[in-house]
Amino acid sequence: MQLFIGLVFIVILAFPQSALGATAYVPGSGWQSLTWTNSIHNEFNNEDGFTFSVTEGQKLYLIVTEAGWNGEIVEVFNQGVFVGLRTSFVSPVCAVWTDQFDDAASSNSWGTRIVELFPADYDLTFQLKERCHTAGIPPDTWIAAFKVMPNVAPTVNAGSPQTLTLPSAAS
């Protein structure tokens with residue numbers, strides 16, 4: 001019995017924390033919202049990790065947008081390692097709010113990042129690195145979202161370098 005308990009403990013330690021509570025994400029299924037309990041700096045998202053795979057020959061894009069108040073920096077981690085992708089910090093003052101992720105991603109009022117994914121197994125978590133600072137803002141109102149879109153490249157609208165057109169997942 002002790003050997004069995006010891007083996008279970010070793011197996012649990014061998015997996016990253018997010019893999020233990022990870023949610024399977026299906027590329028092309030749309031936005032997955034992200035929330036933080038206390039909205040403190042360096043807090044990871046409440047939802048644990050999101051797992052999916054990109055196979056050879058697939059062309060998939062990861063799109064991460066902050067939403068809620070227009071002033072968060074969200075960093076992306078894969079299997080517990082920062083991948084160098086973060087949303088931009090738009091405003092030090094919480095001036096505009098939305099829970100519509102398409103609106104946030106296509107507006108220059110919120111930070112959005114897009115990157116092509118290479119073939120690999122992914123287990124993504126998201127860290128709230130920074131947020132806008134306005135007194136009286138409830139801590140549970142900082143939100144963000146991500147989606148993985150297959151076979152489409154987001155385009156920039158002519159004449160508006162900050163506005164992105166994001167094809168729907170059905171495209």
Side-chain angles (χ1 to χ4, degrees), residues 12-92 98-99 101-132 142-156 161-169 171:
I12 289 172
L13 289 178
F15 290 96
Q17 181 62 34
S18 61
L20 297 174
T23 300
Y25 175 82
V26 178
S29 64
W31 290 109
Q32 172 62 56
S33 62
L34 306 166
T35 59
W36 291 268
T37 301
N38 300 309
S39 297
I40 58 173
H41 302 282
N42 302 318
E43 179 182 3
F44 280 92
N45 59 292
N46 293 332
E47 297 80 11
D48 291 322
F50 297 93
T51 59
F52 60 93
S53 295
V54 177
T55 59
E56 196 67 42
Q58 281 186 304
K59 192 165 191 151
L60 297 176
Y61 294 88
L62 171 66
I63 302 168
V64 180
T65 189
E66 54 119 346
W69 295 105
N70 62 321
E72 298 94 1
I73 294 176
V74 177
E75 293 185 338
V76 181
F77 288 72
N78 183 33
Q79 299 177 10
V81 177
F82 177 56
V83 299
L85 182 66
R86 69 173 47 111
T87 62
S88 58
F89 191 67
V90 178
S91 174
T98 187
D99 61 359
F101 302 124
D102 283 326
D103 293 345
S106 62
S107 170
N108 61 2
S109 293
W110 287 269
T112 299
R113 289 293 181 257
I114 302 167
V115 65
E116 185 173 349
L117 297 171
F118 294 103
D121 292 326
Y122 289 89
D123 179 5
L124 300 182
T125 52
F126 302 84
Q127 186 179 61
L128 182 63
K129 191 67 177 173
E130 182 64 75
R131 61 177 175 77
C132 57
W142 283 275
I143 59 175
F146 81 94
K147 66 179 173 179
V148 176
M149 297 176 59
N151 303 318
V152 291
T155 57
V156 177
Q162 297 294 321
T163 304
L164 302 172
T165 300
L166 302 176
S168 69
S171 298

Trainee: Looking only at non-hydrogen atoms, find the nearest pair between G111 and S88 and report the distance.
Mentor: CA-OG, 3.5 Å
Trainee: Report yes if the side chains of F101 and I63 come closer than 4.5 Å at any heavy-atom pair, otherwise no.
Mentor: no
Trainee: Could you tell me whether the side chains of N46 and T35 share a donor-acceptor contact shorter than 3.5 Å?
Mentor: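 There is such a pair (donor and acceptor under 3.5 Å, judged by atom type) between the side chains of N46 and T35.
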Trainee: Supply the atom-to-atom distance F118 CZ to Q58 CD, rounded to the nearest 0.5 angstrom.
Mentor: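 So the gap between those two atoms works out to 14.0 Å.
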Trainee: Begin from the C-alpha positions of F77 and V83 and carry the test side chain to side chain contact (heavy atoms under 4.5 Å, CB included) through to its verdict.
Mentor: CA-CA 6 Å; F77 288 72; V83 299; 5.9 Å; no
Trainee: Distance from E72 atom CD to I143 atom CD1, nearest 0.5 Å?
Mentor: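 The CD1 atom of I143 is 8.0 Å from CD of E72, to the nearest 0.5 Å.
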Trainee: Measure from the side-chain N and O atoms of T65 to the backbone N and O of T112, and report whether any donor-acceptor pair falls under 3.5 Å.
Mentor: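 Answer holds: no.
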Trainee: Can you give me the closest heavy-atom contact between D121 and Q79, atom names plus distance?
Mentor: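 Reported closest heavy-atom pair: O-NE2, 3.0 Å.
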Trainee: Quick check: closest heavy atoms across E66 and T87, and the distance to 0.1 Å?
Mentor: N-CG2, 4.1 Å
Trainee: For residues S109 and N70, report the shortest heavy-atom separation together with the two atoms involved.
Mentor: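 Looks like O-CB, 3.0 Å.
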Trainee: Which value, rounded to the nearest 0.5 Å, describes the distance between I73 atom CD1 and K129 atom NZ?
Mentor: 9.0 Å
Trainee: What I'd like to find out is whether the side chain of K147 reaches to under 4.5 Å of the side chain of D102, using heavy atoms alone.
Mentor: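 With C-beta onward as the side chain, the pair touches.
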Trainee: Work out which heavy atom in N42 is nearest to a heavy atom in Q127; give both atom names and the distance.
Mentor: O-NE2, 3.1 Å
Trainee: Counting only N and O atoms by type, is there a donor-acceptor contact under 3.5 Å from the side chain of Y25 to the main-chain atoms of V148?
Mentor: yes
Trainee: What distance do L124 atom CG and L117 atom CG have between them, rounded to the nearest 0.5 Å?
Mentor: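 These two atoms lie 7.5 Å from each other.
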Trainee: Step by step, would you call F146 with N45 a side chain to side chain contact (heavy atoms under 4.5 Å, CB included)?
Mentor: CA-CA 12 Å; F146 81 94; N45 59 292; over 6 Å; no
Trainee: Heavy atoms, side chains only, cut-off 4.5 Å: are T55 and P119 in contact?
Mentor: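 No; the side chains remain at least 4.5 Å from each other.
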Trainee: How about T37 and E43: do any of their side-chain heavy atoms sit closer than 4.5 Å?
Mentor: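 The answer is yes, as the side chains (C-beta and beyond) meet within the 4.5 Å cut-off.
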Trainee: For P150 and G28, which heavy atoms make the closest approach, and how far apart are they?
Mentor: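 Between these two residues, the closest heavy atoms are CD-CA, 3.7 Å.
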Trainee: Show your working on side chain to side chain contact (heavy atoms under 4.5 Å, CB included) between F126 and V76 and close with a plain yes or no.
Mentor: CA-CA 5 Å; F126 302 84; V76 181; 3.8 Å; yes
Trainee: How far apart are the C-alpha atoms of R113 and R86, what are their side-chain angles, what is the distance that settles it, and do they pass the side chain to side chain contact (heavy atoms under 4.5 Å, CB included) test?
Mentor: CA-CA 7 Å; R113 289 293 181 257; R86 69 173 47 111; 5.9 Å; no
Trainee: Can you tell me how far the CZ atom of F52 sits from the CG atom of L62, to the nearest 0.5 Å?
Mentor: 6.0 Å
Trainee: With rounding to the nearest 0.5 angstrom, report the CH2 to OG1 distance, W69 to T98.
Mentor: 11.0 Å
Trainee: Between D103 and W110, is any side-chain donor less than 3.5 angstrom from a side-chain acceptor?
Mentor: no
